[in-house]
Amino acid sequence: MEERYNPKVVEDKWQKIWADNNSYQVTEDASRKKYYLLEMFPYPSGKIHMGHVRNYSIGDVIARFKRMQGYNVLHPMGWDAFGMPAENAAIQHKSHPAKWTYENIAYMRGQLKTLGLSYDWDRELATCDLDYYKWEQKIFLEMYEKGLAYKKMSPVNWCPKCETVLANEQVEDGCCWRCDSTVEQKELNQWSFAITRYAQELLDDTYQLPGWPERVLVMQRNWIGRSVGCEIDFPVEGGMSKIKVFTTRPDTLFGATFMSLAAEHPMALQLASASQREAVEAFIDKVKRSDRLKRGAEDQEKEGVFTGAYCINPLTNVKMPIFLANFVLLEYGTGAVMAVPTHDQRDFEFAKKYDLPLKVVINPEGETLDPATMTEAFTTEGVMVNSGRFDGMANTDAKEAIADFLEKEGIGKKTVNFRLRDWGISRQRYWGNPIPVINCDICGVVPVPAKDLPVVLPMDAAFTGEGGNPLAKVESFVNCSCPQCGGAARRETDTMDTFVQSSWYFLRYCSPKFQGGPLDRDKVEAWMPVDQYIGGIEHAVLHLLYARFFTKVLRDLGYCNVDEPFKNLLTQGMVIKDGAKMSKSKGNVVDPNALIERYGADTARLFSLFAAPPEKDLDWSDQGVDGSYRFLSRVWRLVFEVLPAIKNAGAVDTAALSGEAKNLRRAVHKTIKKVSEDVEDRFHFNTAIAAVMELVNAIQAFNQKAAPENVAVVREAVESVVRLLAPFVPHFAEELWSELGHAETLDQAGWPGYDAEATVDEEITVVVQVNGKLRSKLTVAPDIAEEAAKAAALADEKVQPFLEGKSVKKVVYVPGRLVNIVVA
RNA sequence: GCGAGAGUGGCGAAAUUGGCAGACGCACCAGACUUAGGAUCUGGCACCCUAGGGUAUAGGGGUUCAAGUCCCCUCUCUCGCACCA
């Protein structure tokens with residue numbers, strides 16, 4: 001190897017060695033502690049972007065660090081390969097989604113390999129492989145048997161551009177998460193997973209995940225949206241029917257003066273009186289037509305219509321007019337709300353607009369509210385009034401008391417309501433996992449029998465772009481016979497949401513080639529849970545909630561014994577350039593290929609790790625990349641410069657060390673300690689790299705006054721630099737390590753330990769403050785006695801002027817740090 | 001509106017337990033060398049001021065011998081939820 005740093009040569013060499021030796025292939029090994037490190041697998045969109053480079057660089061540092069520490073590290077990679085873009089590309093290029101996808105995978109795999117990432121490529125999988133999705137069909141059918149997968153007619157989110165259904169989690173601000181089109185509402189017969197059955201456990205377990213960022217947990221808790229309250233029945237006047245409401249405020253029941261129903265409420269039309277019928281129909285029509293986006297906005301004017309019907313307040317027996325209101329949501333609670341205008345702001349505004357009665361049932365402590373003069377609802381805590389036997393109670397106590405009373409009287413019952421809805425997984429698209437059922441006119445929905453699995457996605461679909469699901473037009477796929485009655489039947493043409501595949505891929509990585517089922521239980525037990533998961537914050541509710549749900553389902557189906565899939569989660573920040581997220585439209589994209597071509601993968605990795613801590617956004621700077629490259633070149637030169645002198649250096653003779661050499665050795669061991677802690681405890685790679693840079697500076701400074709008898713110290717210093725850099729810039733470090741005369745690789749050499757004794761300072765700096773202001777610094781022995789330190793501080797000549805004419809009130813001593821003299 | 005997080009030099013950032021604010025790097029300035037380079041090395045680099053100081057971590061107040069760090073108020077930004085009964 002030459003003395004000039006040539007990343008291309010170095011990187012090609014080591015990538016070949018790693019590939020030839022299968023260096024990162026792992027098998028279960030009971031003798032070592034396991035570490036399962038996973039980055040969210042990419043969608044094969046065509047080529048990798050800087051976000052990938054950052055994500056996978058972060059992961060690779062941890063993988064290599066843990067490996068050097070002696071862990072048996074599982075570090076797999078694969079492809080989230082089903083999805084819309086492949087289908088769109090097929091239409092555009094008159095090709096096939098499979099071709100596009102597998103070509104992209106091949107190209108992107110090559111790109112990842114040029115980054116020198118330490119994956120066990122033997123475990124690679126793509127979710128569009130038959131060998132993957134066939135097992136998912138088996139899981140689906142088992143979920144179907146348990147009622148966890150079901151089909152029903154329901155209102156769904158429909159993306160007109162993607163021509164498919166979206167789950168609630170996939171609608172952002174009323175728009176499609178992928179293409180940003182405005183989402184419409186449609187009534188469709190579609191498949192769902194009963195994630196709501198796991199709502200409570202999914203919520204509870206967020207409190208068992210200390211290794212997750214709090215904000216992700218909070219987002220999941222909000223999404224699950226548990227609220228405790230009551231269901232209460234209100235009899236409709238002059239009829240047998242009842243309206244059921246959900247409320248978290250049973251304490252306000254005596255103040256309920258009218259009723260609000262969602263426009264889509266099933267009773268809406270039948271309640272309408274003859275005279276109101278026209279108005280009610282017009283209102284329902286208007287609400288249905290108003291788009292979801294606007295309807296959700298809080299500043300939307302509250303509107304409603306009187307149905308002409310009344311119900312009875314079960315506690316006061318007062319007649320309550322029944323309204324339809326645009327702010328009541330059918331999906332939440334029972335789609336009906338008891339309106340308490342005095343204690344709910346929405347009801348207050350509604351009552352004012354339609355001139356409905358107000359009745360105060362809670363007063364603020366020591367005050368009396370007058371409905372005639374109220375300008376807003378009173379929603380905080382207070383004392384019960386106008387509520388019969390509950391008068392005088394704190395309203396917080398009355399919640400419980402009234403709820404108990406309602407239960408006793410059979411009027412209502414305590415319930416828990418969740419905001420979480422079941423996960424709609426039907427997608428009216430071709431490039432996905434076919435839902436393995438058959439629709440028979442006689443037998444209804446019939447699951448595909450185990451012997452007929454898998455349902456293979458047919459390759460002869462046509463991608464015309466003319467709308468509709470291409471799969472539904474493949475006659476040979478659609479037409480089949482009913483497994484139950486044998487009659488002619490039609491195969492289901494909906495495919496599964498691609499988030500289904502990403503909900504269990506981390507489990508499949510434990511036994512990616514297993515043919516006995518989706519998962520090899522022993523292997524899963526050996527590797528799971530994922531010790532460290534790394535990915536973008538954008539999946540805080542989507543993928544990360546689905547994956548938790550799926551893990552629990554697979555546990556309950558007997559496939560594994562894991563409750564939570566990801567022990568620790570790191571959400572890395574975005575890559576920003578010129579103040580905006582990198583995107584084609586902004587023209588601020590940095591192409592990883594060009595970067596690697598010019599500087600090498602190690603520089604690209606180093607910069608993306610050095611510029612910011614992983615969880616923060618990273619501000620890309622071309623000049624910063626130059627700086628990282630310069631640093632590596634400097635280390636390279638340093639090694640070759642000292643190589644002839646240190647080649648035959650022996651071990652450091654610690655007893656004989658003194659002066660600068662001893663200081664250098666102290667710096668070496670302090671750096672090892674700091675880098676180990678920064679990487680291990682905090683993932684603060686930026687400060688770890690900064691510490692190595694400082695050490696390099698120290699070695700260079702030392703070298704300028706190099707004394708030949710200190711070659712052993714220099715060798716130790718240089719070798720430590722190389723070893724500490726190994727997780728960050730692996731090709732670079734391996735090359736220098738071998739140049740330094742080592743036959744074993746850095747992985748085999750392991751992570752350096754430090755000599756605690758060598759880190760002990762001979763002298764320390766004690767800061768002297770007067771009234772908290774820095775006035776002097778003392779250089780003293782580390783074990784200086786308190787009195788000696790104080791005396792030295794008081795006697796210091798820089799301190800003296802500040803003491804003149806004043807009296808010393810107090811002297812504070814913080815051992816080894818400072819003396820603060822308080823004067824007045 | 002509610003919830004979470006953030007605000008530190010020209011820039012990216014450090015400061016781990018309340019104890020020297022600005023490590024490390026970028027940019028910039030000066031110098032050295034020169035086969036003139038997007039090279040390397042040396043030094044400087046928060047602000048104000050002549051030394052000695054003084055002032056600075058969004059703004060204001062507080063606790064403390066001591067506050068970027070803890071408490072209260074205000075402002076700004078980012079993210080999430082958003083009429084959830």
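What you see below is based on every heavy atom in this structure, not just the backbone, and it leaves out hydrogens, waters and symmetry mates. To find a chain, count down the sequence lines: A is the first, B the second, and so on, and within it residues start at 1.
With the 3.5 Å cutoff on both pairing distances, Watson-Crick and G-U pairs in RNA chain B assemble into runs of at least 3 at B:1-7 with B:75-81, B:10-12 with B:24-26, B:28-32 with B:40-44, B:46-48 with B:53-55, B:58-62 with B:70-74.
For A:K244, the NZ atom sits in a packed shell: over 12 heavy atoms of surrounding residues, nucleotides or ligands are nearer than 6.0 Å. Crowding of A:K806 atom NZ: a count of heavy atoms from other residues, nucleotides or ligands under 6.0 Å not exceeding 12.
A 4.5 Å side-chain heavy-atom check between A:R4 and A:F640 finds every atom pair outside the cut-off. Between A:L544 and A:R548, the closest side-chain pair of non-hydrogen atoms is not below 4.5 Å.
Listed candidates were B:rU16, B:rG3, B:rC84. Nearest to the side chain of A:V218 is B:rG3. The nucleotide whose nearest atom lies closest to any side-chain atom of A:N326 is, among B:rG19, B:rC81, B:rC83, B:rC83. With distances taken from any side-chain atom of A:Y332 to the nucleotides B:rC84, B:rA15, B:rG12, the minimum falls on B:rC84. Ranking B:rA4, B:rA66, B:rG80 by closeness to the A:R215 side chain, first place goes to B:rA4. Checking B:rA23, B:rG25, B:rG19 against every side-chain atom of A:A690, the shortest atom distance belongs to B:rA23. For A:R419, taking side-chain heavy atoms from C-beta onward, the closest of the listed nucleotides B:rA14, B:rA82, B:rC24 is B:rA82. Checking B:rC20, B:rA15, B:rA13 against the side-chain heavy atoms of A:R682 singles out B:rA15 as nearest.
Mapping A:D619 and A:N417 onto RNA chain B via the closest heavy atom, the residue that lands nearer the 5' end is A:D619. Mapping A:V812 and A:A691 onto RNA chain B via the closest heavy atom, the residue that lands nearer the 5' end is A:A691.
Look at A:N697 and you'll find a side-chain N or O under 4.0 angstrom from OP1 or OP2 of B:rG25. The phosphate of B:rU17 has neither OP1 nor OP2 within less than 4.0 Å of any side-chain N or O from A:R817. The phosphate of B:rA14 has OP1 or OP2 within less than 4.0 Å of a side-chain N or O from A:N686. For B:rC20, neither phosphate oxygen OP1 nor OP2 lies less than 4.0 angstrom from any side-chain nitrogen or oxygen of A:K777.
Using P as the reference atom, B:rU16 and B:rU69 are 12 Å apart when rounded to the nearest Å. Taking atom P on both nucleotides, B:rA39 is separated from B:rC26 by 11 Å, rounded to a whole Å. Taking atom C1' on both B:rA46 and B:rU57, the two are 11 Å apart, rounded to the nearest angstrom. Here, B:rC72 and B:rA30 have their C1' atoms 49 Å apart, quoted to the whole Å.
Rounded to the nearest 0.5 angstrom, A:M50 CE and A:W620 CH2 are separated by 3.0 Å.
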Would you be so kind as to tabulate the donor-acceptor pairs closer than 3.5 Å made by side chains of residues 337-352 of chain A, with sequence neighbours excluded?
from, atom 1, to, atom 2, distance (Å)
A:T342, OG1, A:K359, O, 2.8
A:H343, ND1, A:F378, O, 2.9
A:H343, NE2, A:V361, N, 3.1
A:H343, NE2, A:I362, N, 3.2
A:D344, OD1, A:R346, N, 2.9
A:D344, OD1, A:R346, NE, 3.2
A:D344, OD1, A:D347, N, 3.1
A:D344, OD2, A:R346, NH2, 2.6
A:Q345, OE1, A:A377, N, 2.9
A:Q345, NE2, A:E349, OE2, 3.3
A:D347, OD2, A:V340, N, 2.9

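When the P atom of B:rA13 is taken as reference, atom CD of A:Q623 falls 16 Å away, rounded to whole Å. One interatomic measurement links the two molecules: CD of A:E303 to C1' of B:rC83, which rounds to 14 Å at whole-angstrom precision. The CD atom of A:E214 sits 13 Å away from the C1' atom of B:rG80 (whole-angstrom rounding). Rounded to whole Å, the distance from CG on A:N222 to P on B:rA82 is 9 Å. If you take CH2 of A:W620 and C1' of B:rG25, they are 14 Å apart, rounded to a whole angstrom. Put simply, CD1 on A:I689 is 18 Å from P on B:rG12, counting in whole angstrom units.
Side-chain contact of A:D422 with A:T196: a donor-acceptor pair under 3.5 Å is present, judged by distance alone. For the residue pair A:Y629 and A:D602, no side-chain donor N or O sits within less than 3.5 Å of a side-chain acceptor on the partner. A:S227 and A:Y332 share a side-chain donor-acceptor pair at under 3.5 Å.
Without hydrogens or angle criteria, A:N313 side chain to A:A256 main chain gives a donor-acceptor distance under 3.5 Å.
Taking the syn range as angles within 90° of 0, the glycosidic angle of B:rG22 is outside it, so the base is anti.
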- [ ] Any chance you could lay out the salt bridge (Lys or Arg N to Asp or Glu O under 4.0 Å) test for A:E214 and A:R221, step after step, and finish with the verdict?
- [x] CA-CA 10 Å; A:E214 188 60 23; A:R221 284 173 203 144; 3.2 Å; yes

Task: Where protein sits on nucleotides 40-58 of chain B, one letter per nucleotide: B base, S sugar-phosphate only, - none, heavy atoms under 4.0 Å - done: SSS-----------SS---

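The minimum heavy-atom distance linking A:L406 with A:L315 is given by the pair CD2-CD2, 4.1 Å.
As judged by a 4.0 angstrom heavy-atom cut-off over every strand, A:F610 is placed among the base-contacting residues. Note on A:V822: only backbone sugar-phosphate atoms sit closer than 4.0 angstrom, heavy atoms only; bases stay farther off. As judged by a 4.0 angstrom heavy-atom cut-off over every strand, A:P801 is placed among residues making no nucleic acid contact. A:A611 comes within 4.0 angstrom of the backbone, heavy atoms only, and of no base. At a threshold of 4.0 angstrom between heavy atoms, the contacts of A:E349 with the nucleic acid are absent. Using a 4.0 Å heavy-atom distance criterion, A:G627 is classed as a sugar-phosphate-only contact.
Counting atom types as modelled, A:K302 pairs a side-chain N or O with a base atom of B:rC83 as donor and acceptor under 3.5 Å. No hydrogens or angles were tested; on distance alone, a donor-acceptor pair under 3.5 Å links the side chain of A:K674 to the base of B:rU16.
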